[in-house]
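Taking it in order: structure first as structure tokens, then the write-up.
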Amino acid sequence: MSILQDIFAELKWRGLIHQTTDDAHLPTWLNAASRTLYAGFDPTADSLHVGSLMPLMILRRFQRAGHKPIALVGGATGMIGDPSGKSEERNLLSLDALRANVRGLEAQMRTVLDFDNAANPAVLVNNYDWMSGFSFLEFLRDVGKNFPVNVMLAKDSVKSRLERSDAGLSYTEFSYMLLQAYDFVHLYSQHGCELQLGASDQWGNITAGIDLARRQKSVQLYGLTCPLLTKSDGSKMGKTESGTVWLSAARTSPYAFYQYWINVDDADAGKCLRFLTEFSREEIEALDAARAVEPAKRESQRRLAEELTRLIHDDVGLDSARRATEIFFGAEIRELSDVQLGEIFADVPSKELPRSRLTGEGLNVIDALVEASLAKSKGDARRTIEQGGAYVNNRRIDGLTKQLSPADLASESVMVLRSGKKKYALLRFRD
RNA sequence: GGGGGGUUUCCCGAGCGGUCAAAGGGGUCAGACUGUAAAUCUGAUGGCAUUGCCUUCACAGGUUCGAAUCCUGUACCCCCCA
């Protein structure tokens with residue numbers, strides 16, 4: 001087994017410790033032996049997103065430091081809905097949807113955690129496995145009995161919802177913390193798990209588990225929360241105009257994922273490097289210094305994007321993201337294959353047209369822009385071209401009369417149109 | 001139930017019976033600048049067409065050579081008095 005590293009100090013300098021249940025003993029406790037810990041993940045979708053990357057990375061850090069991480073997928077709790085941090089009652093997911101989601105999450109966790117390590121392998125559990133068999137009466141007697149309602153009402157997650165006049169809190173969601181509390185105790189009994197991690201909004205649920213363990217098992221468990229991953233303007237990290245940034249390549253292409261990190265604000269770059277990468281303190285501080293002197297080089301963002309894209313999408317994914325970036329911001333596109341273009345422009349909308357449109361007179365650029373939905377009318381297309389904002393295969397179009405012919409294809413059958421700096425669309429010409 | 005005001009192009013908002021596709025602002029789009037940033041500056045912003053044409057100013061009618069602008073009715077909104 002690897003020698004234990006001082007994980008607490010590591011988390012501390014990275015700013016990953018928001019709150020712990022025992023600041024005094026936790027560091028020495030962690031350094032004394034290999035401990036088992038867990039973090040839970042909600043299967044509200046079939047993929048994790050940037051927000052859940054942070055706790056997952058913390059599990060990874062613990063594993064690397066010699067501890068045993070358990071990733072819990074909330075197949076049962078996901079059926080209920082955690083009121084923490086939510087302003088409204090959740091919609092319930094169907095059992096089938098949950099199962100599919102759980103499978104999706106498992107696959108992603110395998111890329112971040114090591115499940116085959118002999119000494120301290122990561123373990124994946126699904127709380128549906130032990131929760132589904134519980135009868136309501138049993139649960140009320142064994143678990144519910146240990147929860148004073150006044151304590152539950154005092155939790156922030158509950159209190160904030162009760163104070164709102166426009167959103168209620170159902171009994172179901174109110175009970176959520178009992179389930180998560182029970183999970184912790186169950187993992188303690190079955191796996192010797194003594195520490196639970198979570199984002200800061202999980203504090204109430206974590207302490208609920210610690211209370212339950214003390215009452216039921218007379219043991220002292222620990223809790224540790226990390227800050228929420230937010231931007232300097234206070235908004236949540238991991239959202240773009242087009243929606244959430246997911247870890248699944250099917251939902252967010254490696255290119256889009258890479259681009260998200262490349263575009264991180266200078267003000268947020270240092271935090272992202274500390275929270276999400278495994279660069280050493282020296283490396284990160286060097287990047288901070290470089291960013292202060294030469295922000296334009298954006299080395300921090302580049303390193304961040306490369307590191308995370310490689311971690312989530314592998315070298316292959318990073319390669320395709322890099323290649324796509326080159327093309328998206330680079331020179332003329334020519335002599336590529338349909339397959340290559342398809343990969344690079346995976347996120348780009350495309351439209352199929354009969355090949356006959358290109359032959360003979362050819363296809364007018366104005367019509368091409370409209371067909372590709374880059375302009376909402378011919379007038380709009382005309383304007384874009386007149387103002388120098390229209391491109392075919394990344395080459396600016398400078399006349400309204402340009403007719404496109406087969407010679408303008410970037411590959412066997414695809415033409416790449418662009419309006420403005422980075423709004424692309426493909427036209428595919430089929431026989 | 002009585003009296004008054006309102007409804008304008010994505011949003012706010014100005015509009016004299018002709019010179020109104022309709023001021024101004026916001027937003028959006030494009031360009032320049034730049035770090036694939038922020039800020040700034042410039043231009044564009046109903047549709048079709050190289051002069052011009054067509055459809056818009058709550059809805060339906062009417063007056064007029066001509067209406068977003070006047071009249072009548074309908075719908076919705078706001079305010080005041082019961």
Side-chain angles (χ1 to χ4, degrees), chain A residues 50 229-243 245 252-273 286-309 313 317-333 344-349 361-403 416-425:
Chain A
V50 164
L229 186 56
T230 53
K231 292 199 259 190
S232 52
D233 65 7
S235 63
K236 265 190 198 164
M237 199 95 202
K239 296 275 183 208
T240 65
E241 322 78 57
S242 45
V245 179
T252 301
S253 72
Y255 166 75
F257 185 82
Y258 179 86
Q259 282 295 316
Y260 180 78
W261 300 110
I262 283 284
N263 283 309
V264 163
D265 277 3
D266 293 349
D268 299 319
K271 187 159 51 168
C272 287
L273 287 167
L287 285 169
D288 285 346
R291 197 168 61 249
V293 180
E294 280 186 303
K297 286 189 84 173
R298 293 183 311 136
E299 201 187 338
S300 297
Q301 283 90 336
R302 199 161 298 125
R303 293 291 306 279
L304 178 68
E306 282 172 8
E307 184 71 7
L308 293 179
T309 308
H313 296 297
L318 176 58
D319 268 2
S320 82
R322 274 215 189 103
R323 237 178 336 149
T325 296
E326 237 168 73
I327 298 275
F328 269 80
F329 298 96
E332 199 175 331
I333 303 166
I344 293 166
F345 293 97
D347 297 329
V348 163
E361 292 259 301
L363 177 64
N364 185 268
V365 255
I366 295 175
D367 295 321
L369 286 172
V370 174
E371 289 285 9
S373 306
L374 284 179
K376 59 179 194 290
S377 69
K378 288 190 183 182
D380 194 22
R382 188 181 300 275
R383 262 194 301 280
T384 307
I385 297 169
E386 278 170 348
Q387 296 184 128
Y391 301 77
V392 172
N393 302 330
N394 270 354
R395 177 184 239 165
R396 181 178 274 179
I397 295 168
D398 46 24
L400 294 173
T401 53
K402 165 89 174 160
Q403 298 292 121
V416 183
L417 299 185
R418 175 179 139 208
S419 154
K421 285 197 168 57
K422 35 183 159 172
K423 206 162 62 195
Y424 282 88

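Chain A is the first sequence line, chain B the second, and so forth, proteins listed ahead of strands; every chain is numbered from 1. Side-chain atoms are counted along with the backbone in the values below, which use heavy atoms only and exclude waters and symmetry mates.
Asp380(A) comes within contact range of no nucleotide atom at all, as no heavy-atom separation falls under 4.0 Å. Lys423(A) comes within 4.0 angstrom of the backbone, heavy atoms only, and of no base. Using a 4.0 Å heavy-atom distance criterion, Gln301(A) is classed as a base contact. Within 4.0 Å (heavy atoms only), Glu294(A) reaches no atom of the nucleic acid at all. When heavy atoms are screened at a 4.0 angstrom cut-off, Arg396(A) is found touching the sugar-phosphate backbone but no base atom. Nucleic acid contact class of Tyr260(A) (heavy atoms, under 4.0 Å, all strands): none.
Taking atom C1' in both rG13(B) and rC57(B), the straight-line distance is 13 Å, to the nearest Å. Separating the P atom of rC16(B) from that of rA58(B) is a span of 14 Å, rounded to the nearest Å. The gap from the C1' atom of rG3(B) to that of rC29(B) amounts to 48 Å, rounded to the nearest Å. Separating the P atom of rA23(B) from that of rU9(B) is a span of 13 Å, rounded to the nearest Å. Using P as the reference atom, rU55(B) and rU42(B) are 37 Å apart when rounded to the nearest Å. Rounded to whole Å, the P atom of rG46(B) lies 13 Å from the corresponding atom of rG24(B). Taking atom P in both rG26(B) and rC70(B), the straight-line distance is 30 Å, to the nearest Å. Only the C1' atoms considered, rG17(B) is 23 Å distant from rG5(B), to the nearest whole Å.
Taking a pair as Watson-Crick or G-U wobble with both distances under 3.5 Å, RNA chain B forms stems of 3 or more consecutive pairs at B:1-7 with B:75-81, B:10-12 with B:24-26, B:27-32 with B:40-45, B:46-48 with B:52-54, B:58-62 with B:70-74.
Looking at every heavy atom in both residues, Asp266(A) comes nearest to Pro295(A) through OD2-CB, 3.8 Å. Here the closest non-hydrogen pair linking Leu229(A) and Val50(A) is CD2-CG1, 4.0 Å. Residues Ala256(A) and Asp347(A) come closest through the heavy atom pair CB-OD2, 3.7 Å. Of all the heavy atoms in Leu273(A) and Leu287(A), the pair that sits closest is CD1-CD1, 3.8 Å. Here the closest heavy-atom approach between residue Thr309(A) and residue Ala321(A) is recorded as CG2-CB, 4.4 Å. Residues Ala381(A) and Val370(A) approach most closely at CB-CG2, 4.1 Å, considering heavy atoms.
If Ser419(A) and Ile262(A) are placed on RNA chain B by their nearest nucleotide, the residue sitting closer to the 5' end is Ser419(A). Between Gly420(A) and Arg382(A), the residue anchored nearer the 5' end of RNA chain B, judged by the nucleotide with its closest heavy atom, is Gly420(A).
Once you apply a 4.0 Å limit to the heavy atoms of chain A, the touched nucleotides of RNA chain B run 5' to 3' over rC29(B) to rA49(B).
Crowding of Glu306(A) atom CD: a count of heavy atoms from other residues, nucleotides or ligands under 6.0 Å exceeding 12.
Side-chain atoms of Val416(A) and Asn394(A), non-hydrogen and from C-beta on, never get closer than 4.5 Å to each other.
Partners of Asp288(A) under the side chain to side chain donor-acceptor pair (under 3.5 Å) rule, at least two apart in sequence or in another chain, are Arg274(A), Arg291(A).
Note: Phe328(A) and Tyr424(A) have perpendicular aromatic rings, judged against thresholds of 30 and 60 degrees for the angle between ring planes.
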